[in-house]
Amino acid sequence: MTTVINDVKTYNLYINGEWVSPISESYFDVISPATGQVVSKAALGDEQDTKRAIDAAAAAFPEWSAKTGRERAEILTRLYQLMIENSEQLAKSISVEMGKPIQQARGEVMNAAEYVLWNLEEGKRVSGEVIPGAVKNRRLQVIRQPIGPVAAITPWNFPLGMVTRKLAPALAAGCTVVLKPAEQTPGSAILFFELAEKAGIPKGVINLVTGTPQQIGDALLSDKRIRKITFTGSTNVGKQLLRKAADQVKRVSMELGGHAPFIVFEDADLEHTIEQLARCKFQNCGQTCISANRIYVQESIKDQFLSLLKEKAESLRVGNGLEKGVDVGPLVSKAGLNKVEEQVNNAVEQGAKLVTGGEKYEVEGHEEGYFYKPTILADVQDTMMIATNETFGPVAPIFTFKTEEEVVAKANDTDYGLAAYCFTKDLSRSVRVSEALEYGMVGINDTVLSQVEGPFGGIKESGMGREGGTDGLADFLEKKFISTII
Ligand code: ADP
C-alpha cells in the first residue's frame, strides 16, 4: 500500500494482488508542475518486475476469462461505485501531479468512471453470430472471445481517463492486464488500483508497473503471453511500439498524436464558436491530442474573431490548479514549457503577430511552476514550426482562408488524422466538410469528442483502433469461426 512520509507518498508496484517493492529497491521522484516540489516517489520497476506482472496476468487469465460477462460486471459495478465515492481524492491526485484545474480533474474522474460503467454494461452483451451455410448439414457460427493478457501504456495528460478507457473494456471483455502509467502521474492510477482491489478484482487480473519506460515496454512486447498492446502517447513512441509488436503479430490499439484543424466559416455563431474554441484550446493547458492546433478563420471575419478570442483568452485565470477559480494550470514539465516557447518564438521571428500572451506567467509563491500565458498568434504561415508540429500548450495560432475548397485541402495536409472541427450554420456545408475531412473524428459546432458512447480514435499516423462505443470492447475480443457437420 501507499506510505506517506512528510506528505510525500511512496508508491509500490501492484503484482498478483500485492503491493510490492521493486527489485531495484529504487524509487523516482514525481514532481508537481505547479510548485516544482516532489509530491511522491514511485517504484523504479524494470524488466524483471514486468516479467513477474506478466506471470500474474497470464496465470489469472483462464479464470477471469471463464467468468460470465454478468459476473465480471458485478465486480466492475462495485469499482464504479468506489470511484464515485472517492472522486475527490482521485481528482486531487490528478491535479497535483499533472497540474490541471481541480474542476477539470473532477470532470476527468466522472468521465473515467463512465468508461467503467459503459463497458461493464457492454460486457454483458458480447454476442456472436449464426450464419446460414451453403450445404444442409453444415452449421456455421461465430463466437467472440477475450484476446488474452493485455499490456496498457498510458500518458500523463489524462492520467486516470486513459487508464479506464483501456482497462474497463479489457476487463469487461475478460482480458487480464499489465498497466504502465506515465512516470509523471502515477498517483491516480495507484489509487484506482487500490479501489479495484477493494471492489474484489481477483489477484493477478490487473497489475501495475512503474519505472523505466523502455525496459518495461520491451519486456511487455517481447513476451508471447501478452497478446495485445493498447497505447496512448506520441506518434514517435507509438511507431516504435508498433515495430516491436510486429515481431509477434500482437494486436495493437494506438491513440497517437493529433494536429487538429479548427475551421470557422463566416456564417458561424461567433459567440458559441469562441466558447467552444477556448474550451478546446485552453482546457488541460492545451495538452490534449484533440486540442485545436491550427485555427482557420475565413478572411471576412478575422478582425472580429480575433478581438473576441483575445477578450476570452485574457479573461482566463492562470495558476495552481488546486486553487479556486483557476482556468489554466501549468504545463506538465520544463520540456513542455520549452517546446511552447520555441514554437512561439519561431512563429514571431518569421512574422506572426502576437495578439496576446507569448511569455511565461509568474504566479506568486510558485516561482518554480511551468506556467505560460494563454497566447494568440495571428498571421501564421504554413512554413512556421507551429503549422506542422503538435503544440501541446496554450497557444492558438490563427490562419486565414478564402474558400471552402482551400481550407479543406489545408486541413488535410498533414500526416495526422485524429480530430477536426468545423463551425458553420450552413447545413449542406457541414455535411460536405465533415465528409471531406480525413480525420477519425469531426466536431460540427462541437468540440466534445471524448464521449463514452462514441468511437474515439484516429486515422493516418494518429493511430488505429477505437476507444468507446461498441468498438471499444470489440477491440479486446477475437472472433472465432466454427463450422460443424451434423
Ligand atoms: P509524451 O511525450 O506525451 O510523454 P510519450 O509517448 O513519450 O508521450 O509517453 C506516453 C507513454 O509511453 C508514457 O507512459 C511513457 O512512459 C511511455 N513510453 C515512452 N517511451 C517508451 C518506450 N520506449 N517504450 C514503452 N513505453 C514508452
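- Taking the six-membered ring for Trp and the full ring otherwise, the centers of Phe193 and Tyr14 sit less than 6.0 Å from each other.
- Around the CD atom of Gln89, the shell of radius 6.0 Å holds no more than 12 heavy atoms that belong to other residues, nucleotides or ligands.
- By the 4.5 Å heavy-atom criterion applied to side chains, Leu90 and Leu160 are counted as neighbours.
- Across every non-hydrogen atom of Thr185 and Pro155, the tightest pair is OG1-O, 4.2 Å.
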Please step through side-chain contact (heavy atoms from CB on, under 4.5 Å) for the pair Lys228 and Ser253, ending with a clear verdict. CA-CA 8 Å; Lys228 172 180 173 120; Ser253 289; 2.6 Å; yes
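- Counting all heavy atoms, side chain and backbone alike, Ile54 lies closest to Ala219 at CD1-O, 3.7 Å.
- With Glu71 contributing its side chain and Thr68 its backbone, the two residues share a donor-acceptor pair below 3.5 Å.
- Lys92 NZ: 12 or fewer foreign heavy atoms inside a 6.0 Å radius.
- Remark: side-chain polar atoms of Asn16 are not paired, donor with acceptor, to backbone N or O of Ala56 under 3.5 angstrom.
- Residue Lys203 places its NZ atom among 12 or fewer non-hydrogen atoms of other residues, nucleotides or ligands, all under 6.0 Å distant.
- In this structure, the side chains of Phe423 and Leu277 stay at 4.5 Å or more apart for every pair of heavy atoms.
- Around the CD atom of Glu18, the shell of radius 6.0 Å holds no more than 12 heavy atoms that belong to other residues, nucleotides or ligands.
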Determine, stepwise, if the pair Cys289 / Glu390 fulfils side-chain contact (heavy atoms from CB on, under 4.5 Å). CA-CA 8 Å; Cys289 47; Glu390 195 179 13; 4.1 Å; yes
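- Considering every non-hydrogen atom in both Ala419 and Pro261, the closest pair reads O-CD, 3.4 Å.
- In this structure, CZ on Arg279 lies 10.0 Å from OG on Ser291, to the nearest 0.5 angstrom.
- In this structure the side chain of Glu461 reaches within 4.5 angstrom of the side chain of Lys239, judged on heavy atoms.
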Assess whether side-chain contact (heavy atoms from CB on, under 4.5 Å) is satisfied between Asn111 and Ser450, documenting all intermediate values. CA-CA 9 Å; Asn111 185 260; Ser450 181; 4.0 Å; yes
Phe456 and Trp118: CA distance, side-chain angles, deciding distance, ring pair (Phe, Tyr, Trp, His ring centres under 6.0 Å) verdict: CA-CA 14 Å; Phe456 186 103; Trp118 172 271; over 10 Å; no
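- Judged by distance alone, with hydrogens and angles left aside, the side-chain atoms of Lys339 form no donor-acceptor pair with the main-chain N or O of Phe392 at under 3.5 Å.
- Under a 3.5 Å cut-off, the side chain of Arg294 and the backbone N or O of His259 do form a donor-acceptor pair.
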Under 3.5 Å, side-chain donor or acceptor atoms of residues 32-40 against the rest of the protein: list the pairs with distances, not counting sequence neighbours.
unit_1, atom_1, unit_2, atom_2, d
Ser32, OG, Ala34, N, 3.2
Ser32, OG, Thr35, N, 3.2
Ser32, OG, Thr35, OG1, 3.1
Thr35, OG1, Gln37, N, 3.1

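- At least one donor-acceptor pair under 3.5 Å links the side chain of Arg72 to the backbone N or O of Lys67.
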Please report the C-alpha distance between Arg144 and Glu129 in whole Å, then the side-chain angles of each, then the deciding distance to 0.1 Å, and finally whether the salt bridge (charged side-chain N to carboxylate O under 4.0 Å, His left out) criterion is met. CA-CA 9 Å; Arg144 296 199 293 162; Glu129 265 178 283; over 6 Å; no
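- Salt bridge Lys51/Asp223: absent, no basic N to carboxylate O contact under 4.0 Å.
- Remark: side-chain polar atoms of Ser26 are paired, donor with acceptor, to backbone N or O of Ser24 under 3.5 angstrom.
- Proximity of a side-chain donor or acceptor of Gln104 to a complementary backbone N or O of Asn284 within less than 3.5 Å is detected.
- Checked for salt-bridge contact, Arg52 and Asp49 meet the test: a charged N lies under 4.0 Å from a carboxylate O.
- No more than 12 heavy atoms of other residues, nucleotides or ligands lie within 6.0 Å of CD in Glu368, so this atom counts as exposed by the packing criterion.
- Between Thr447 and Gln276, the side chains place a donor N or O and an acceptor N or O closer than 3.5 Å (distance only, hydrogens not considered).
- Of the candidates Pro146, Pro149, Ser65, Thr176 forms a side-chain contact (heavy atoms from CB on, under 4.5 Å) with just one, namely Pro149.
- Taking every heavy atom of both residues into account, Leu242 and Val252 meet most closely at CD2-CG2, 3.7 Å.
- Identified under the salt bridge (Lys or Arg N to Asp or Glu O under 4.0 Å) test for residues 162-184, with sequence neighbours left out: Arg165-Glu467, Lys166-Glu467, Lys180-Glu183.
- For the pair Arg225 and Phe61, the minimum side-chain heavy-atom distance is 4.5 Å or more.
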Which donor-acceptor pairs under 3.5 Å do side chains of residues 325-337 form with protein atoms, sequence neighbours excluded?
unit_1, atom_1, unit_2, atom_2, d
Asp327, OD2, Arg317, N, 2.7
Ser333, OG, Gly336, N, 3.1
Lys334, NZ, Asn338, OD1, 3.3

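- At a cut-off of 3.5 Å, with distance as the only test, no side-chain donor of Tyr421 or Asp446 sits close to an acceptor on the other residue.
- At distances below 3.5 Å, not a single donor-acceptor pair connects side-chain atoms of Gln215 with backbone N or O atoms of Pro213.
- Taking each heavy atom of Leu473 and Ala173 in turn, the nearest pair found is CD1-N, 3.8 Å.
- Using a 4.5 Å cut-off on side-chain heavy atoms (C-beta onward), Gln214 and Gln240 make no contact.
- Proximity of the aromatic rings of Tyr416 and Tyr439 is defined here by a centroid distance below 6.0 angstrom, and this criterion is not met.
- Ion pairing of Arg227 with Glu478 is absent here, as no side-chain N (NZ or NE/NH1/NH2) approaches a carboxylate O to less than 4.0 Å.
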May I have the step-by-step check of side-chain contact (heavy atoms from CB on, under 4.5 Å) for Met83 and Phe192, ending in yes or no? CA-CA 7 Å; Met83 287 181 78; Phe192 172 79; 3.8 Å; yes
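- A 4.5 Å side-chain heavy-atom check between Leu76 and Ile201 finds at least one atom pair inside the cut-off.
- Heavy atoms only, all atoms of each residue included: Ser462 and Leu418 are closest at OG-N, 3.3 Å.
- Ion pairing between a basic and an acidic side chain is recognised when a charged N comes within 4.0 Å of a carboxylate O; Glu108 and Lys100 show such pairing.
- Between the side chains of Gln248 and Lys224, no donor N or O sits under 3.5 Å from an acceptor N or O.
- Side-chain contact between Trp64 and Pro202: present, with at least one pair of heavy atoms (C-beta onward) separated by less than 4.5 Å.
- Thr375 contributes no side-chain N or O that, together with a main-chain N or O of Val395, makes up a donor-acceptor pair within less than 3.5 Å.
- Heavy atoms from other residues, nucleotides or ligands lying under 6.0 Å from NZ of Lys360 number 12 at most.
- Note that OG of Ser21 and CG of Asn12 are 5.5 Å apart. Values are rounded to the nearest 0.5 Å.
- Ionic pairing of Arg251 and Asp475 is not present here: no N-O contact between side-chain nitrogen and carboxylate oxygen is shorter than 4.0 angstrom.
- Lys479 places no side-chain N or O within donor-acceptor distance of the main-chain N or O of Val142, the cut-off being under 3.5 Å.
- A side-chain N or O of Trp19 and one of Glu197 form a donor-acceptor pair less than 3.5 Å apart.
- Proximity of Ile206 to Leu179: side-chain heavy atoms (C-beta onward) are nowhere separated by under 4.5 Å.
- Between Glu74 and Arg70, none of the side-chain N atoms (NZ, or NE/NH1/NH2) sits under 4.0 Å from a carboxylate O, so this pair counts as no salt bridge.
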